[in-house]
Amino acid sequence: QNGTHRLCHEAVSQLLGTEVAEDTPLMDAGFDSLSSTELVTRLSKRFATELPSALLFDHPTLGAIGHHLAVQAAPGVAAVKPRSSKPRPV
């Protein structure tokens with residue numbers, strides 16, 4: 001789970017250019033519809049899973065997104081495996 005949360009933090013930091021607390025709503029931190037779509041795209045690629053476009057509305061904080069991804073990776077649920085955490089060019 002810590003790896004999942006770390007990768008979520010990295011993706012958000014890359015998009016916003018700053019750190020965001022795990023319990024801060026991402027829309028309050030500066031996300032808009034375009035950056036939300038980009039985050040969903042990045043996380044979908046990084047975890048090799050299809051995430052809903054409304055991810056930030058259903059899971060509005062980093063903690064909620066990390067928890068959602070960790071639950072999906074739990075035994076008995078479709079696997080969500082993080083890909084390399086190496087930054088990709090934007």
Side-chain angles (χ1 to χ4, degrees):
Q1 183 176 354
N2 289 338
T4 301
H5 284 268
R6 181 181 49 78
L7 292 173
C8 290
H9 275 277
E10 287 175 5
V12 167
S13 294
Q14 288 171 357
L15 284 168
L16 289 180
T18 187
E19 293 288 320
V20 176
E22 194 159 310
D23 60 347
T24 299
L26 294 174
M27 293 303 216
D28 292 349
F31 271 83
D32 57 19
S33 60
L34 182 61
S35 53
S36 296
T37 300
E38 179 60 27
L39 178 63
V40 169
T41 300
R42 287 181 186 205
L43 292 177
S44 291
K45 287 180 182 177
R46 187 164 283 175
F47 290 96
T49 190
E50 188 173 332
L51 296 170
S53 58
L55 181 71
L56 266 68
F57 295 101
D58 297 335
H59 309 283
T61 65
L62 274 170
I65 292 170
H67 177 74
H68 173 70
L69 290 168
V71 166
Q72 284 189 351
V77 181
V80 176
K81 297 177 182 176
R83 292 183 181 175
S84 172
S85 63
K86 293 179 183 176
R88 295 182 180 176
V90 178

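All of these numbers come straight from a predicted model, not from anything done at the bench.
Annotation: side chain of Ser36 is not in contact with side chain of Leu55 (no heavy-atom distance under 4.5 Å). Contact of the Leu56 side chain with the Leu39 side chain is registered, since non-hydrogen atoms from C-beta on lie closer than 4.5 Å. Contact of the Leu7 side chain with the Leu69 side chain is not registered, since no non-hydrogen atoms from C-beta on lie closer than 4.5 Å.
Listed by chain and residue number, Thr37, Lys45 satisfy the side chain to side chain contact (heavy atoms under 4.5 Å, CB included) test with Thr41 (two or more places apart in sequence, or in another chain). For His68, the side-chain hydrogen bond (donor to acceptor under 3.5 Å, both in side chains) partners two or more places apart in sequence, or in a different chain, are His59, Gln72. In this structure, the side-chain hydrogen bond (donor to acceptor under 3.5 Å, both in side chains) partners of Ser13, at least two apart in sequence or on a different chain, are Glu19.
Checking side-chain atoms of Thr4 against main-chain N and O of Gly66 turns up no donor-acceptor pair under 3.5 Å.
In terms of heavy-atom proximity, Leu43 sits nearest to Ala11 at CD2-CB, 4.0 Å.
In this structure, the separation between CZ on Arg42 and CD on Glu10 is 11.5 Å, given to the nearest 0.5 Å.
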Taking only distance into account, with no hydrogens and no angle test, what donor-acceptor pairs under 3.5 Å do side-chain atoms of residues 22-32 form with protein atoms, sequence neighbours excluded?
unit_1: Glu22; atom_1: OE1; unit_2: His9; atom_2: NE2; d: 3.4
unit_1: Glu22; atom_1: OE2; unit_2: His5; atom_2: ND1; d: 3.4
unit_1: Asp32; atom_1: OD1; unit_2: Leu34; atom_2: N; d: 3.1
unit_1: Asp32; atom_1: OD1; unit_2: Ser35; atom_2: N; d: 2.8
unit_1: Asp32; atom_1: OD1; unit_2: Ser35; atom_2: OG; d: 2.9

